[in-house]
Visitor: 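Below are the structure tokens for one structure; questions will follow.
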Amino acid sequence: MHVPFCAHKCHYCDFYSIVERARPRHAAFTDAVIRELTARAGGYCLSPRTIFVGGGTPTLLAVEQWSRLLAAMRELSLLGRVEEFTVEANPETLTPALAHALAAGGVNRLSMGAQSFQGRLLKALERWHEPASVGRAVGIARSAGIENINLDLIFAIPGQTLAELDADLDAALALGPTHLSCYSLIFEPHTPLTKRMQLGLIQPMDEGQERAMYERVIDRLDDAGFEQYEVSNWALGGEAGSRDYRCAHNVLYWRNENWIGVGPSAASHVAGRRWKNKPHLAAYIAGSPDPPLSEDETLEPDGRIGEHLMLGLRTREGVRLDWVDGNIARHTARGQAIEELRRLGLLERTATHLRPTRRGVFLADAIATKLL
């Protein structure tokens, strides 16, 4: 579910979002989402294993709107099989009343946008929250009974030092999260951050220093007992018999399984068909339960094979060998590319999987481009 509202647009963000502090359309948006949920639940006989609500800033919705959404999900019997229900939260907008409403409605995982604990770096990102608010929000979530908490961090911020990265990792780990998502800053087209770069006001980090920071993240989190299971994601534990804190919802994406998206700009994938709601709030509200689409395609078999590889090889587990051997002949261009990547030490075969090596993790995008 995509909630598009934000109190402020961060300068690095290229997601569809709308700055609306007065909340004039929140009730109409909630009505539209419930209509779309109702239509999708009937049309696809939905019985989801995971739910993920992202944004925008989902925690900008008032408790009243959240209570209506959660009640509608219960009435539509969407929560019966759900193992993981994640909501993205902004540290400044999570209140005790909202956290308790989410927990009572079945939410059992929060993903918090910390990004950095250094005021100077938050300002560089035009991220509007105080570093101390992250710890307060984590405490609020735990008081409500939500123990499974992810923190997002960004590194390779212009001007950032390794010492500042270490300080951010120290601060995040001190809060005891079960999961960490650590992303290298990307200068997305048409964002204010990219415009500042184009004007020469800021400089992207040197590629070598960026790699050193990524390596520091990998080593530090490994030492702290976190398993890197995807290029940018780490989960606590990973030992046999311990609880699996990997984000189950995102794992389904990387395994190229089926999902339904609701909300403006939300994407869906069912049996090789992909479609995306138009990123336009007024059109979404007017069109629900069948909002206009901005994309709609059904991949050919070869495209589906490439996509499955591209997604699966972002994970440290990789892609099952029986699937690889059953779908990719070694004499084909894609089969030869796999063998070349193995010779270069970027991919390896285990007893059960084709997966990236540690060197390969650093070049995940290049591997994907070669195999897509």
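All figures in this text were calculated on a predicted structure; none of them were measured in a lab. Each residue takes its place number in the sequence, starting with 1.
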Visitor: Does any N or O in the side chain of His2 come within less than 3.5 Å of the main-chain N or O of Tyr16, such that one atom is a donor and the other an acceptor?
Guide: yes
Visitor: Count I, L, V, M, F, W, Y as connected when their side-chain heavy atoms are under 4.5 Å apart, and connections chain through other members. Are Ile18 and Tyr284 then in the same cluster?
Guide: yes
Visitor: For Cys247 and Arg109, what are the C-alpha separation, side-chain angles and deciding distance, and is it a side-chain contact (heavy atoms from CB on, under 4.5 Å)?
Guide: CA-CA 9 Å; Cys247 179; Arg109 185 176 184 272; 3.6 Å; yes
Visitor: Check for me, please, whether Leu175 and Phe155 land in the same ILVMFWY cluster - side-chain distances under 4.5 Å, paths through other members count.
Guide: yes
Visitor: Quick one: closest heavy-atom pair of Ala103 and Ile146, and the distance?
Guide: CB-CG1, 4.0 Å
Visitor: Working to the nearest 0.5 Å, report the span between CG of Leu354 and CG of Leu309.
Guide: 7.5 Å
Visitor: One thing to verify: whether Arg273 and Glu297 come together as a salt bridge, which I'm taking to mean a side-chain N less than 4.0 angstrom from a carboxylate O.
Guide: no
Visitor: Treating Glu164 as the side-chain partner and Thr161 as the backbone partner, does any N or O pair qualify as donor plus acceptor under 3.5 Å?
Guide: yes
Visitor: Could you see if Phe52 belongs to whatever hydrophobic cluster contains Phe85? Use Ile, Leu, Val, Met, Phe, Trp, Tyr and a side-chain cutoff under 4.5 Å.
Guide: no
Visitor: Please report the interatomic distance NE2(His179) to CG(Asn250), rounded to the nearest 0.5 Å.
Guide: 7.0 Å
Visitor: Look only at the side chain of His100 and the backbone of Pro96, and say whether a donor-acceptor pair between them is shorter than 3.5 Å.
Guide: yes
Visitor: Between the side chain of Trp259 and the main-chain N/O of Ala267, is any donor-acceptor distance below 3.5 Å?
Guide: yes
Visitor: Would you say the side chain of Val82 lies within less than 4.5 Å of the side chain of Met73, judging by non-hydrogen atoms?
Guide: no
Visitor: Any idea which heavy atoms bring Thr332 and Ala329 closest together, and the distance?
Guide: OG1-O, 2.7 Å
Visitor: Is Arg274 close to Lys276 at the side-chain level, that is, under 4.5 Å between some pair of heavy atoms?
Guide: no
Visitor: Judged by atom type as modelled, is there a donor-acceptor pair below 3.5 Å linking the side chain of Arg127 to the main-chain atoms of Gly113?
Guide: yes
Visitor: Testing Arg316, Arg246, Arg314, Arg355 one by one against Glu230 for a salt bridge (charged side-chain N to carboxylate O under 4.0 Å, His left out), which residue passes?
Guide: Arg314
Visitor: Would you check, one step at a time, whether the test side-chain hydrogen bond (donor to acceptor under 3.5 Å, both in side chains) holds for Thr59 with Asn90?
Guide: CA-CA 7 Å; Thr59 47; Asn90 179 287; 5.9 Å; no
Visitor: Can any side-chain N or O of Trp66 pair as donor or acceptor with the backbone N or O of Pro58 at less than 3.5 Å?
Guide: yes
Visitor: Looking at CE of Met310 and CG of Leu372, how far apart are the two atoms once the value is rounded to the nearest 0.5 Å?
Guide: 5.5 Å
Visitor: With heavy-atom distances below 4.5 Å as the criterion, would you say the side chains of Trp323 and Ile305 are in contact?
Guide: yes
Visitor: Say whether Asp168 and Gln118, considering side chains only, have a donor N or O and an acceptor N or O under 3.5 Å apart.
Guide: yes
Visitor: Treating Ile, Leu, Val, Met, Phe, Trp and Tyr as nodes and any side-chain heavy-atom pair under 4.5 angstrom as an edge, say whether Ile51 and Ile34 lie in one connected cluster.
Guide: yes
Visitor: Walk me through it: do Leu125 and Ile157 pass the test side-chain contact (heavy atoms from CB on, under 4.5 Å)?
Guide: CA-CA 8 Å; Leu125 297 171; Ile157 303 167; 3.8 Å; yes
Visitor: Would you check if the side chain of Asn150 reaches a backbone N or O of Ser181 as a donor-acceptor pair within less than 3.5 Å?
Guide: yes
Visitor: Using a 4.5 Å cut-off on heavy atoms from C-beta on, say whether the side chain of Pro192 contacts that of Glu126.
Guide: no
Visitor: Is Glu147 paired with Arg243 through a side-chain N to carboxylate O contact shorter than 4.0 Å?
Guide: no
Visitor: Check the pair Glu340, Arg343 against side-chain contact (heavy atoms from CB on, under 4.5 Å), reporting the backbone distance first and the verdict last.
Guide: CA-CA 5 Å; Glu340 179 186 356; Arg343 287 194 298 272; 3.7 Å; yes
Visitor: If you measure only the distance, is there a donor-acceptor pair under 3.5 Å linking the side chains of Asn277 and Glu36?
Guide: yes
Visitor: Going by heavy atoms in the side chains, are Leu61 and Leu69 under 4.5 Å from each other?
Guide: yes
Visitor: Could you state the interatomic distance from CH2 (Trp128) to SG (Cys6), rounded to the nearest 0.5 Å?
Guide: 11.5 Å
Visitor: Are more than 12 heavy atoms from other residues, nucleotides or ligands located less than 6.0 Å from atom CG of Asp365?
Guide: no
Visitor: Check Glu339 with Arg342, please: is the shortest side-chain N to carboxylate O separation under 4.0 Å?
Guide: yes
Visitor: Got a second to check how far Leu344's CG is from Ile367's CD1, nearest 0.5 Å?
Guide: 9.5 Å
Visitor: Are any of the side-chain heavy atoms of Thr194 and His190 separated by less than 4.5 Å?
Guide: no
Visitor: Measure across Leu281 and Pro264 and return the closest heavy-atom pair with its distance rounded to 0.1 Å.
Guide: CD1-CG, 4.2 Å
Visitor: Quick one: do Ile285 and Met1 end up in the same hydrophobic cluster if we chain Ile, Leu, Val, Met, Phe, Trp and Tyr together by side-chain heavy atoms under 4.5 Å apart?
Guide: yes
Visitor: Do any N or O atoms from the side chain of Thr178 and from the backbone of Ile149 form a donor-acceptor pair under 3.5 angstrom?
Guide: yes
Visitor: If we check side chain to side chain donor-acceptor pair (under 3.5 Å) with Arg358, which of these qualifies: Glu215, Glu348, Gln228?
Guide: Glu215
Visitor: Evaluate the side-chain proximity of Leu193 to Phe187: yes if any heavy-atom separation is below 4.5 Å, no if none is.
Guide: yes
Visitor: Can you see which heavy atom on Ala114 is nearest to which on Leu122, and at what distance?
Guide: O-CD2, 3.7 Å
Visitor: Quick check against the 3.5 Å criterion: does Asn256 have a side-chain atom that pairs as donor or acceptor with the backbone of Gly312?
Guide: no
Visitor: First locate atom CG of Leu70, then atom CD of Gln65, and finally report the distance between them rounded to the nearest 0.5 Å.
Guide: 11.5 Å
Visitor: Do you know which two heavy atoms are closest between Ala89 and Leu110, and how far apart they sit?
Guide: CB-CD2, 4.4 Å
Visitor: May I ask you to decide whether Arg49 forms a salt bridge with Glu257, counting only side-chain N to carboxylate O separations under 4.0 Å?
Guide: yes
Visitor: In this structure, are over 12 heavy atoms from other groups packed under 6.0 Å from Phe362 atom CZ?
Guide: yes
Visitor: Passes side-chain contact (heavy atoms from CB on, under 4.5 Å), Asp152 versus Gln115? Steps please.
Guide: CA-CA 5 Å; Asp152 283 352; Gln115 316 312 355; 3.7 Å; yes
Visitor: Donor-acceptor check, side chain of Ser67 to backbone of Val63, threshold 3.5 angstrom: yes or no?
Guide: yes
Visitor: Taking the side chain as C-beta and beyond, is there a heavy-atom pair between Tyr214 and Val231 under 4.5 Å?
Guide: yes
Visitor: Can you name the nearest heavy-atom pair linking Gly345 to Thr357, along with the distance?
Guide: O-OG1, 2.6 Å
Visitor: With under 30° as parallel and over 60° as perpendicular, where do the rings of Phe29 and Phe5 fit, or are they tilted in between?
Guide: perpendicular
Visitor: Hey, are Glu317 and Arg255 close enough for a salt bridge, meaning a charged N less than 4.0 Å from a carboxylate O?
Guide: yes
